[in-house]
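Have a look at the structure below before the remarks.
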Amino acid sequence: MAKAMNSIQKVIIIGGGPAAILAALRLQRTNGISPVLYEIRQNVTTLGGAIGIPSNGLRLLNRLGLYEECVSKGALTPHIVLHGLNGSVLGEMDMADWSEQQTGFGYLRIRRTDIMDLLLRAAEKEHIPIHYGKTLTSIWERGDEVTVEFADGTTDTADFLLGCDGIHSSVRKLYIDPGAKPEYTGISNMYSLLPTHLLPIAIDPVANLNATLTPDGLFAVSPVTKTSDVLYWFFSREVAMPKSGDVRDGWETTQKAEVEGFRSTVLELLGEDKSDWVQTLRGLVQNTDSVKFYPIYKLPAGRTWHKGRCLIIGDAAHAMPPHASQGVSMALEDVFLFSKLLASSNMSLDQGLDAYVAKRKARTEAMLSKAEDNGSVRRRTPAWRVKAKEYAIWGGLWLFKTTGLGRMGMGQKDLTYDVESEEF
Ligand SMILES: Cc1cc2nc3c(=O)[nH]c(=O)nc-3n(C[C@H](O)[C@H](O)[C@H](O)COP(=O)(O)OP(=O)(O)OC[C@H]3O[C@@H](n4cnc5c(N)ncnc54)[C@H](O)[C@@H]3O)c2cc1C
């Protein structure tokens, strides 16, 4: 007879990013399961800009005992300040005050490298093995076991396999759902992290996320460290798919052109305005030496997430644009729900995984749609319409403030969801 969900003792985890390490920590501590991680890169990646983690994710990080450390590294930025292209402040939007009142947790922005550092330290402290430089080549199941093989000829066998290997997941491509293809959203991001002490200009302290709409996309600046000594800026805009199609060579050419031209592109959009805010933005861009560029992809909804004794979670299952700041938080919710399934259920594997997927699909699809809605302000817009939008934003935010809609939690209800309230 096939093993029940709660008899799993060893899990192979493919990937070494946030979803993988969070899953390993939770399953080892709460379910007494031994995890073994296999990461494709030769070592820990130093790539990534900043990651937003709203109340729903912070609450779960707290349950893992990682919240205080995250807060000691990142910047709590509960508001968005919206600026006009003439430097005026159009208004301020609260992203987390209400959800913080409900949950006790606000909104954190943290460098990806900082959160990876602290996750890796936690894994090391708990003697969780992570093997680097492992390229997965095949997966097969026999009886109650699943086996993986890597390009170096090594294999490993366990009761269960978790694919936490990101948007281009090999677990998905090789085994679970080879037909699911990431789709380009039409929006690309460029970003830079700037330590303020290296800037040759004085910058007034920046608190919160400061966003400026331009005819060619959204330009935003935020602190990403507790002391605000590192600023993160990103420019999110429509970039056409390379003429050669969705292929690496084409994207490399686009990336080169975008990176080489970033300074003139952004400075031209900021125009000649002499206000303090626009001067600050100009100063940041003029003093940025290197930027990173990446096209934003998403996975189509409604695909398969499990097969046999294998499940994909995190970006491998439901990668979405970063515009709702839910990448890490969705991975955390996946991990906590899967752990709960293993702890509380004696369902068969198929029944248990179907029940898990049923609960996660609606939630992740709602977040995907929120992220896509938030992406619309990044689309190219005629200058007159940007001006009209500025007036609409100013009026909307004024109304929001004076009618107390913010106090009713508008736009934040999703952030108070506690995945552990789900029952199997
Ligand atoms: C390099 C990088 C930079 C990022 N930067 C940002 C950012 O600036 N802002 C933001 O909001 N989000 C960023 N993200 C996405 C964000 O990390 C995720 O949305 C979120 O953390 C969910 O994490 P995940 O572990 O599911 O996926 P990911 O963070 O993508 O992690 C997947 C991990 O699996 C590894 N992997 C991939 N393929 C294989 C394979 N075949 N075998 C084994 N391992 C494999 C990857 O190297 C990576 O370590 C970035 C992701 C990556 C990989």
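We count ligands from 1, going down the list as the structure has it; atoms in each ligand are counted the same way. In what follows, every heavy atom counts, from backbone to side chain, and hydrogens, waters and symmetry copies are set aside.
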To the nearest 0.5 Å, what is the distance between CG (L267) and CG (L281)?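 The CG atom of L267 sits 10.0 Å away from the CG atom of L281.
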To the closest 0.5 Å, what do you measure between SG (C70) and CG (L76)?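 It is 10.5 Å, given to the nearest 0.5 Å.
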Residues forming a salt bridge (charged side-chain N to carboxylate O under 4.0 Å, His left out) with K173, sequence neighbours excluded: none
[atom]: which protein heavy atom is closest, and how many Å away?
{"atom": "atom 10 (C) of ligand 1", "value": "I51 CG1, 3.6 Å"}
{"atom": "atom 20 (C) of ligand 1", "value": "G327 C, 3.8 Å"}
{"atom": "atom 1 (C) of ligand 1", "value": "L47 CB, 3.6 Å"}
{"atom": "atom 25 (O) of ligand 1", "value": "A19 N, 2.9 Å"}
{"atom": "atom 26 (O) of ligand 1", "value": "D315 N, 2.9 Å"}

No-hydrogen, no-angle side-chain donor-acceptor test under 3.5 Å, H306 and D350: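 Per modelled atom types, H306 and D350 side chains form no pair under 3.5 Å.
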May I ask you to check whether T416 and S99 show a side-chain donor-acceptor distance below 3.5 Å?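 Checked: T416/S99 side chains show no N/O donor-acceptor pair below 3.5 Å.
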Closer than 4.0 Å to some heavy atom of [X] - which atoms of ligand 1 meet that?
{"X": "C164", "answer": "32 (C), 33 (C), 34 (O)"}
{"X": "G16", "answer": "33 (C), 34 (O), 49 (O)"}
{"X": "G15", "answer": "34 (O), 43 (C), 44 (N)"}
{"X": "G166", "answer": "27 (O), 30 (O), 32 (C)"}
{"X": "G314", "answer": "26 (O)"}
{"X": "I14", "answer": "42 (N), 43 (C)"}
{"X": "G49", "answer": "7 (C), 8 (O)"}
{"X": "Y38", "answer": "43 (C), 44 (N)"}

When you check the gap from the basic side-chain N to the acidic O, do [X] and [Y] get nearer than 4.0 Å?
{"X": "K134", "Y": "D156", "value": "no"}
{"X": "E420", "Y": "R26", "value": "yes"}
{"X": "D159", "Y": "R309", "value": "no"}
{"X": "E333", "Y": "R363", "value": "yes"}

side-chain hydrogen bond (donor to acceptor under 3.5 Å, both in side chains) pairs, two or more places apart, involving residues 260-270: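 Sorted pair list: K256-E260.
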[X] (side chain) donor-acceptor with [Y] (main chain) under 3.5 angstrom:
{"X": "N374", "Y": "H323", "value": "yes"}
{"X": "D165", "Y": "S170", "value": "yes"}
{"X": "E92", "Y": "H79", "value": "no"}

Does a side-chain heavy-atom distance below 4.5 Å link L27 with F338? yes
For [atom], which candidate among [options] provides the closest heavy atom?
{"atom": "atom 2 (C) of ligand 1", "options": "R112, R109, K134", "answer": "R112"}
{"atom": "atom 39 (C) of ligand 1", "options": "D165, N189, V328, V171", "answer": "D165"}
{"atom": "atom 41 (N) of ligand 1", "options": "S170, G48, G17", "answer": "S170"}

What part of [X], side chain, backbone, both or neither, has a heavy atom within less than 4.0 angstrom of ligand 1?
{"X": "I40", "answer": "both"}
{"X": "A50", "answer": "backbone"}
{"X": "Y191", "answer": "neither"}
{"X": "E39", "answer": "both"}
{"X": "P322", "answer": "side chain"}
{"X": "S169", "answer": "neither"}

Under 3.5 Å: N/O of R41 near N/O of ligand 1: yes
May I ask you to check whether Y294 has an N/O atom sitting below 3.5 Å from an N/O atom of ligand 1? no
Contact check, L136 vs ligand 1, heavy-atom distance below 4.0 Å: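 L136: no contact with ligand 1 (<4.0 Å).
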Evaluate the side-chain contact (heavy atoms from CB on, under 4.5 Å) criterion for residues E258 and F235: first the C-alpha distance (whole Å), next the side-chain angles of each, then the deciding distance (0.1 Å), finally the verdict. CA-CA 11 Å; E258 289 285 315; F235 181 40; over 6 Å; no
